[in-house]
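If you scroll down you'll find the structure; I have some questions about it.
Just so we're clear, the structure is a prediction, and the values are computed from it rather than from any experiment. Chain identifiers are assigned alphabetically (A, B, ...) following the order of the sequence lines, protein sequences preceding nucleic acid strands; residue numbering begins at 1 within each chain.
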Amino acid sequence: MKVLAFGIVKEIFSGSSIDLEFDNELTVADVKRKLETQYPKLKALASYAVAVNDEYAENDLVIKDNDEVAIIPPVSGG
Amino acid sequence: MKVLAFGIVKEIFSGSSIDLEFDNELTVADVKRKLETQYPKLKALASYAVAVNDEYAENDLVIKDNDEVAIIPPVSGG
Amino acid sequence: MNTDIQILDMPLDINACINWVMAPECGGIDVFIGTVRNHTKGKSVLRLEFEAYERMALKEMDKIAKEMLQCWPLHKIAMHHRVGILGVGEVPVVIAVSAAHRDAAFDACRYAIDTLKETVPIWKKEIFEDGEVWVAAHP
Amino acid sequence: MNTDIQILDMPLDINACINWVMAPECGGIDVFIGTVRNHTKGKSVLRLEFEAYERMALKEMDKIAKEMLQCWPLHKIAMHHRVGILGVGEVPVVIAVSAAHRDAAFDACRYAIDTLKETVPIWKKEIFEDGEVWVAAHP
């Protein structure tokens with residue numbers, strides 16, 4: 001599964017996306033858990049959300065093949 | 001005493017100013033009373049204020065020679 | 001001088017107001033632009049005529065600006081009001097307020113237009129096809 | 001179409017936003033202009049770098065505009081956000097809202113910028129003389 005990174009998450013991932021190992025069906029909560037294990041610095045953020053197909057996703061959402069997954073650190077536009 | 005008129009008061013006075021008879025010392029309240037007798041249509045306005053020397057004046061202010069007196073009908077700028 | 005207050009008998013320059021308040025120490029600008037509406041209470045408006053007791057109006061606008069500067073941490077205030085005959089879509093008033101933080105700019109700008117409409121001796125006459133009326137004159 | 005929502009990597013055109021929302025049926029326009037401030041928390045800012053998750057950001061901005069149109073009687077909304085490197089004094093965001101009556105324009109414009117800062121996936125990095133920081137990233 002390709003996971004897009006923005007803002008500070010690009011620094012944490014050392015790139016604008018990573019490939020996450022995807023053996024069985026994953027929920028958003030699963031993705032967060034996996035990423036936090038792999039990139040502990042995520043836990044130091046004030047907060048972060050996961051977007052699936054350009055929409056903020058709840059923890060229990062099941063991610064499907066071809067979904068676009070993105071990590072959204074605290075936004076600061078305007 | 002010269003009294004300036006603006007907006008609808010110019011129509012009530014039929015001009016942009018009138019001369020008010022000035023026998024003894026007048027307060028703002030006196031001016032209002034005199035004008036309302038002479039121009040009863042003033043009483044039909046939603047309200048009106050009197051300005052003396054470019055400032056809104058209270059009823060008990062005594063008007064002096066050379067003061068600039070103006071009738072301020074309801075404002076509607078903006 | 002951090003206020004620019006003017007009464008003008010020509011089209012207002014919105015850009016000039018914005019550029020005048022803009023500054024490196026500011027994070028936000030709120031701008032209110034009044035425009036002449038083509039109808040009021042269901043009647044078509046052809047044009048508006050604005051008249052000011054100019055010296056007093058400038059004084060009252062200045063008071064508003066001073067109050068704004070006292071109440072909020074603002075940087076600059078531009079307040080321009082037009083007089084004369086204005087067609088539909090033209091701009092009778094522009095108020096631009098800059099501040100380090102946007103809340104102050106929003107609050108102060110709104111206070112400015114609300115208070116201007118209550119205290120500044122400027123009057124408008126609405127001209128319809130079948131007559132004209134001084135706004136707010138009668139109950 | 002009564003909304004004009006854009007993310008641009010060139011200087012925003014404030015005038016274009018204002019002219020686009022202006023209409024004969026409107027009495028008031030409120031405009032918020034964000035500007036890059038030269039300091040934050042006592043430190044000098046050299047420049048800002050804005051990054052957007054563009055497709056999602058446009059969607060979220062569009063949601064905000066739809067909510068605004070549902071909550072207030074508005075005429076038109078322009079919401080432009082810039083990305084890339086901005087110097088002090090430059091404009092990252094312009095929101096212009098027109099309405100028949102000013103209260104709706106003020107309320108909706110403020111809602112727009114408040115909500116944009118909370119939900120729209122755009123990030124800014126502050127660049128100082130001695131380093132840089134992604135705003136709001138850490139507690």
Self-check item: Enclosure of C/K43 NZ (heavy-atom neighbours >12, cutoff 6.0 Å)
Solution: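 Buried by this count: over 12 neighbours within 6.0 Å.
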
Quiz prompt | Any donor-acceptor pair under 3.5 Å from C/K124 side chain to B/G78 backbone | solution = yes

Quiz item: Can a salt bridge be assigned to the pair C/K125 and C/E132 using a cut-off of 4.0 Å between side-chain N and carboxylate O?
Solution: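 A salt bridge links C/K125 with C/E132.
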
Quiz item: Considering residues, nucleotides and ligands other than B/N66, do more than 12 of their heavy atoms fall under 6.0 Å from its CG?
Solution: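 Open.
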
Quiz prompt | Toward chain B, the part of C/A52 with a non-hydrogen atom under 4.5 Å | solution = backbone

Quiz prompt | Heavy-atom proximity to chain C below 4.5 Å, by part of B/E11 | solution = side chain

Exercise. For the residue pair C/W123 and B/F6, categorise the inter-ring angle as parallel (less than 30°), tilted (30 to 60°) or perpendicular (more than 60°).
Key: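 C/W123 and B/F6: parallel rings.
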
Quiz item: B/V50 versus B/Y56: any side-chain heavy-atom pair under 4.5 Å?
Solution: no

Exercise. Take C/Y53 and C/E60 through the side chain to side chain donor-acceptor pair (under 3.5 Å) test and state the conclusion after the steps.
Key: CA-CA 10 Å; C/Y53 180 12; C/E60 291 293 325; over 6 Å; no

Quiz prompt | Side chain, backbone, both or neither of B/Y48 within contact of chain C (heavy atoms, under 4.5 Å) | solution =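 Neither; nothing under 4.5 Å.
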
Practice problem: Check step by step if side chain to side chain donor-acceptor pair (under 3.5 Å) holds for C/E67 and C/Y111. | Solution: CA-CA 10 Å; C/E67 285 158 9; C/Y111 172 82; 2.4 Å; yes

Quiz prompt | Neighbour count above 12 (heavy atom, 6.0 Å) for B/K41 NZ | solution =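 For B/K41, atom NZ is not crowded (no more than 12 foreign heavy atoms under 6.0 Å).
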
Quiz item: So do C/R37 and C/H39 actually touch side chain to side chain, heavy atoms under 4.5 Å?
Solution: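 Sidechains of C/R37 and C/H39: in contact.
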
Practice problem: Select, from B/A49, B/S47, B/A44, the one with the greatest count of heavy-atom pairs under 4.5 Å involving chain C. | Solution: B/A44

Self-check item: Proximity breakdown for C/K117 and chain B, heavy-atom pairs closer than 4.5 Å
Solution: both

Practice problem: Step by step, work out the salt bridge (Lys or Arg N to Asp or Glu O under 4.0 Å) result for C/K59 and C/E54. | Solution: CA-CA 9 Å; C/K59 258 194 191 179; C/E54 190 169 320; over 6 Å; no

Self-check item: Lys/Arg N to Asp/Glu carboxylate O, C/E51 vs B/K10, below 4.0 Å
Solution: yes

Quiz prompt | chain B neighbours within residues 4-17 of chain C, where any heavy atom lies under 4.5 Å away | solution = none

Quiz item: Using non-hydrogen atoms and a limit below 4.5 Å, what part of residues 72-100 of chain C faces chain B?
Solution: C/H81, C/P92, C/V93

Practice problem: Side chain from CB out, backbone as N, CA, C, O: work out which of these in C/V120 comes under 4.5 Å of a heavy atom of chain B, or both, or neither. | Solution: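 For C/V120, the contact with chain B is made by the backbone alone.
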
